Amino acid sequence: MLEGLIQDYQLTLPTMLRRAETLYGYREIVTRKPDKSFHRYTYADFVSRAKKLAVALKRLGVESGERVGTLAPNNYQHLEAYFGVPVSGGVLHTINPRLHEDDLSYIVNHAEDKVLLVDGTLMEVLESFWEETNVKHVVIFDHSEDPVPNGMTSYEELLADADEEEFAYPEFPEKQAAALCYTSGTTGRPKGSLYSHRAIALHSMMVALGNTLALRETDCVLPVVPMYHVNAWGLPFASTLVGAKQMMPGAHLDAYSVIENLEQEKVTLTAGVPTVYIPVLEALDEEPENHDLSALRSMIIGGSAAPKGLIQAYKERHGIDVIHAWGMTEMSPIGTVSTLTSELLELPEDEQLDYRAKQGYPVPFIEIRARDEDTDEFVPWDDETMGELEVRGPWVASSYFNTEEGAEDFTEDGWFKTGDIVSIDEHGFINIQDRDKDLVKSGGEWISSVQLENALMAHEAVAEAAVIAIPHEKWDERPLAVVVLKEGQEATTEDLQKHLQGDFAKFWLPDAYEFIEEIPKTATGKFRKLALREQFEGYQFAQS
Ligand code: AMP
């Protein structure tokens, strides 16, 4: 091989932070605080505080590769951690505060988080699990009014004691781990995807490409998707790389606050799950003349399928372009984006809409294929034949963190099996038709059918229980429990609901129970969920 004569330049977060410091010091970062007032500062302030955090973490004894957990909404302190932790050599582990306390303690222990950075608004969540963990230091953001509880440290005091001059931009190998996100499994415990500096750097560059989200310095970006959901789809990293203004919504994700943020800060690009943007559309529809969202060029919707009607309504009634995207925790997360090519833009509007409603075609360096589950052959790209989507690329996981579990999710030739059942058309656009994973996705959060089924079947009156996802206007999907009672036994909806309470996060509890004679099964005795879903097609929850 004749090697190219190119510098062996490493793609890392320290380089991204140094670039932001050198070039974008003037650019603004705005946060909606808990009291709804606006906190404003510049990239210069952000970089200085991220460096101080890196110095402070070193002082706390965080060594290269050690994990630092965060439990926080989208705010400037969280952004400081996004960079401060990885540039210190540590690994940023973003934790989803909506999980059940058992999962929270499991994740923190499995990740071996040495330090937790916690927002003052999430003290109750912290208290529900942290005594079950081996965390060495708990640091609290924004707890200025009271002294922080005993044994914990104030973030502001920690930064005040750190000397920025002690910081020197490190040179890391790009393969070093930078961030860790856990994803809920169907069975078993959540599993971690461990991202490298290189994966994050390349994913950030991809987000800036014209054919994807075209992020640039002149943008103002509002990620409504939480920073604990796959790094807010990589937007805080990508925005910092290109020097875009960042608008952090804090915990205020209601339609009114989102619209206020969009309008006031002249947001150009926003991103989130359908559950957030459906009420935003309703609020805009109520008084369209009172809102000016003319600055908004793109609304990225993903995490669950963006309904075609929603995409159409935003465009026709408010002139807003919705871009549908698909991704996964195991993919850092973006895999496909539904931006139309020159060829497709020549189609009539209604046909264009059909493509916009698909999940899109693969972004550069992501390769896709779909495999027929019965024949094991790859399906043709004919827009009809369905198969399980497999992917590979420079920001796709190669295995899970610190576990043998999940090895079956990777093919022998190293592709990742997504568990999404798709058809692919001749243009490479995927259409997600079903899910092989036994999970319900409610408001962007996973609920494991299998865990609910096992808990229900532990009830003395229950012979069989299957939990299926029912489409829901507000939450995308909600769980329905289909139950067969043991002969001669009785149990009501209330009994079963009570039986589950406490063991699961509240939003996991089924919205309804249906009692039937028998659950359809395969020859090997497994529940035929597909048949059950067909049986309950069009099912309406009483109060939905
Ligand atoms: P997560 O790892 O929590 O980000 O979830 C990833 C999963 O969410 C995918 O495997 C899909 O099942 C689902 N998903 C993500 N984006 C979309 C989308 N645009 N349409 C339909 N399902 C989606």
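Keep in mind that this is a model prediction, so the values were computed, not measured. Both counts, for ligands and for their atoms, begin at 1 and track the order of listing.
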Counting neighbours of OH on Tyr256 that are heavy atoms of other residues, nucleotides or ligands and sit closer than 6.0 Å, is the number greater than 12?
no
Hey, can you tell me if His110 and Phe401 have their rings parallel, tilted or perpendicular (30° and 60° cut-offs)?
perpendicular
Ring-face cation of Arg369 near Phe378 (centre distance under 6.0 Å, axis angle within 45°)
no
So which pairs with a foot in residues 327-342 pass side chain to side chain donor-acceptor pair (under 3.5 Å), sequence neighbours left out?
Glu330-Tyr400
Any protein N or O within less than 3.5 Å of an N or O in ligand 1? List each pair with its distance, or say none.
{"unit_1": "ligand 1", "atom_1": "2 (O)", "unit_2": "Thr329", "atom_2": "N", "d": "2.9"}
{"unit_1": "ligand 1", "atom_1": "2 (O)", "unit_2": "Thr329", "atom_2": "OG1", "d": "2.6"}
{"unit_1": "ligand 1", "atom_1": "3 (O)", "unit_2": "Trp446", "atom_2": "NE1", "d": "2.8"}
{"unit_1": "ligand 1", "atom_1": "5 (O)", "unit_2": "Lys441", "atom_2": "NZ", "d": "3.1"}
{"unit_1": "ligand 1", "atom_1": "8 (O)", "unit_2": "Gly303", "atom_2": "O", "d": "3.4"}
{"unit_1": "ligand 1", "atom_1": "8 (O)", "unit_2": "Lys441", "atom_2": "NZ", "d": "3.0"}
{"unit_1": "ligand 1", "atom_1": "10 (O)", "unit_2": "Asp420", "atom_2": "OD1", "d": "3.4"}
{"unit_1": "ligand 1", "atom_1": "10 (O)", "unit_2": "Asp420", "atom_2": "OD2", "d": "2.6"}
{"unit_1": "ligand 1", "atom_1": "10 (O)", "unit_2": "Lys437", "atom_2": "NZ", "d": "2.5"}
{"unit_1": "ligand 1", "atom_1": "12 (O)", "unit_2": "Asp420", "atom_2": "OD1", "d": "2.6"}
{"unit_1": "ligand 1", "atom_1": "12 (O)", "unit_2": "Asp420", "atom_2": "OD2", "d": "3.4"}
{"unit_1": "ligand 1", "atom_1": "12 (O)", "unit_2": "Lys437", "atom_2": "NZ", "d": "3.4"}
{"unit_1": "ligand 1", "atom_1": "14 (N)", "unit_2": "Gly303", "atom_2": "O", "d": "3.2"}
{"unit_1": "ligand 1", "atom_1": "16 (N)", "unit_2": "Gly303", "atom_2": "N", "d": "3.1"}
{"unit_1": "ligand 1", "atom_1": "19 (N)", "unit_2": "His324", "atom_2": "NE2", "d": "2.9"}
{"unit_1": "ligand 1", "atom_1": "19 (N)", "unit_2": "Ala325", "atom_2": "O", "d": "2.8"}
{"unit_1": "ligand 1", "atom_1": "20 (N)", "unit_2": "Ala305", "atom_2": "N", "d": "3.2"}
{"unit_1": "ligand 1", "atom_1": "20 (N)", "unit_2": "Gln359", "atom_2": "NE2", "d": "2.9"}

Can you measure from CD (Glu388) to CG (Asp376) and round to the nearest 0.5 angstrom?
10.5 Å
Ring centroid separation for His203 and Tyr195, is it under 6.0 angstrom?
no
